[in-house]
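Below: the structure, in structure tokens.
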Amino acid sequence: QVQLKVTGGGSVQAGSSLRLSCTAGNRYSRRCIGWFRQAPGKEREGVASMYTGGDSAVYADSVKGRFTISQDNAKNTGYLQMNNLQPEDTAMYYCSLAPPELRSGEYFCPWGSFTVWGQGAQVTVSS
């Protein structure tokens, strides 16, 4: 089973930046990596995802232009750069891996394909 661990969380003021890292062991390559968050009393929501064998990414509308997903295949590590953090970004952040879906020669990473969760990291943003 893939071991997933998120590091880099913390408490910051609005407008600050944080970078989360996700280490995923030796099953990282050619998979989908997804970042999710769950605020107290709310359902887990997808934040960003990408296919580790490509460059394109998908973002939730709420983070577009502020968050950037990236990855380093050599290190089996994914990243979520979060800029201009706002109080509404406060949540526990998780990463996940999933097999990609191949459609018409392109790989997709549907939110619902992510089902394996590891240890998350708390991000708290104060106003």
Side-chain angles (χ1 to χ4, degrees):
Q1 187 171 356
V2 177
Q3 299 293 323
L4 299 166
K5 182 178 180 181
V6 178
T7 57
S11 296
V12 298
Q13 291 190 329
S16 300
S17 299
L18 284 173
R19 189 177 81 157
L20 302 179
S21 299
C22 171
T23 55
N26 60 5
R27 296 188 180 184
Y28 180 82
S29 64
R30 300 200 176 277
R31 305 289 291 276
C32 292
I33 179 169
W35 287 94
F36 293 76
R37 66 186 181 186
Q38 187 167 20
K42 295 187 177 181
E43 293 186 355
R44 187 175 294 171
E45 63 173 349
V47 175
S49 68
M50 70 180 299
Y51 173 54
T52 61
D55 297 322
S56 62
V58 173
Y59 296 93
D61 288 342
S62 58
V63 306
K64 281 181 181 177
R66 300 188 298 122
F67 290 14
T68 304
I69 186 174
S70 62
Q71 47 107 9
D72 186 335
N73 276 315
K75 296 181 178 179
N76 289 343
T77 301
Y79 305 97
L80 184 69
Q81 177 67 42
M82 304 183 295
N83 297 330
N84 191 23
L85 284 160
Q86 299 299 314
E88 53 266 33
D89 296 317
T90 295
M92 184 71 75
Y93 283 72
Y94 301 89
C95 68
S96 182
L97 294 180
E101 289 187 7
L102 181 62
R103 308 175 204 161
S104 302
E106 291 188 49
Y107 289 102
F108 293 87
C109 301
W111 296 123
S113 64
F114 295 96
T115 59
V116 179
W117 310 101
Q119 177 182 344
Q122 179 67 38
V123 172
T124 302
V125 185
S126 58
S127 58

Distance col, row Glu88:CD vs Arg37:CZ, nearest 0.5 angstrom, shows 8.0 Å
Margin query: side-chain contact (heavy atoms from CB on, under 4.5 Å), that's the test. Do Met50 and Cys109 meet it? Break it down for me.
Written below: CA-CA 7 Å; Met50 70 180 299; Cys109 301; over 6 Å; no
- Item | In one Ile/Leu/Val/Met/Phe/Trp/Tyr side-chain cluster, 4.5 Å: Phe114, Tyr51 | no
### Query
Val12 and Leu80: same hydrophobic cluster, using ILVMFWY side-chain contacts below 4.5 Å?
yes
Interatomic distance, CH2@Trp111 vs OG@Ser96, rounded to 0.5 Å, equals 11.0 Å
Rounded to the nearest 0.5 Å, the CG atom of Leu97 sits from the SG atom of Cys32 at a distance of 9.0 Å
CD (Gln38) and CD (Glu45) are apart, to the nearest 0.5 Å, by 9.5 Å
Rounding to 0.5 Å, atoms CD (Gln86) and CG (Asn83) come to a distance of 11.5 Å
Heavy atoms of Ala60 and Gly46 approach each other most closely as CB-O, 3.4 Å
For the backbone of Thr90 and the side chain of Thr124, can you confirm whether one donor and one acceptor N or O come within less than 3.5 Å of each other?
no
* **pair Ser17-Gln81: side-chain heavy atoms closer than 4.5 Å** => yes
Given the options Phe36, Trp35, Tyr93, Trp117 meets ring-ring contact (aromatic ring centres under 6.0 Å, His included) only with Phe36
**Study point:** Any donor-acceptor N/O pair, Thr77 side chain to Asp72 backbone, under 3.5 Å
**Key:** no
Heavy atoms of Ser127 and Ala14 approach each other most closely as CA-CB, 4.3 Å
For Ser126 and Pro87 the tightest heavy-atom approach is C-CG, 4.4 Å
(Q) The test is side-chain contact (heavy atoms from CB on, under 4.5 Å); show your working for Leu4 and Cys22 and say whether it passes. (A) CA-CA 7 Å; Leu4 299 166; Cys22 171; 4.2 Å; yes
Scanning both residues in full, the closest heavy-atom pair of Ala121 with Val6 reads CB-CG1, 3.6 Å
Requested in this report: Answer with yes or no whether the hydrophobic clustering places Ile33 together with Phe108; edges join I, L, V, M, F, W, Y residues whose side-chain heavy atoms lie under 4.5 Å apart.
Outcome: no
| query | Hey, mind stepping through Ile69 and Tyr59 against side-chain contact (heavy atoms from CB on, under 4.5 Å) and telling me if it holds? | reply | CA-CA 9 Å; Ile69 186 174; Tyr59 296 93; 3.4 Å; yes
Residues Arg31 and Pro99: closest non-hydrogen pair is NE-N, 3.8 Å
- Task: Walk me through it: do Asp89 and Arg66 pass the test side-chain contact (heavy atoms from CB on, under 4.5 Å)?
- Result: CA-CA 11 Å; Asp89 296 317; Arg66 300 188 298 122; 2.7 Å; yes
Check: Thr52 main-chain N/O paired with Gln71 side-chain donor or acceptor under 3.5 Å
yes
### Query
Side chains of Tyr94 and Leu20: closer than 4.5 Å at any heavy-atom pair?
no
Taken to the nearest 0.5 Å, the spacing of Thr7 OG1 from Tyr79 OH works out to 9.0 Å
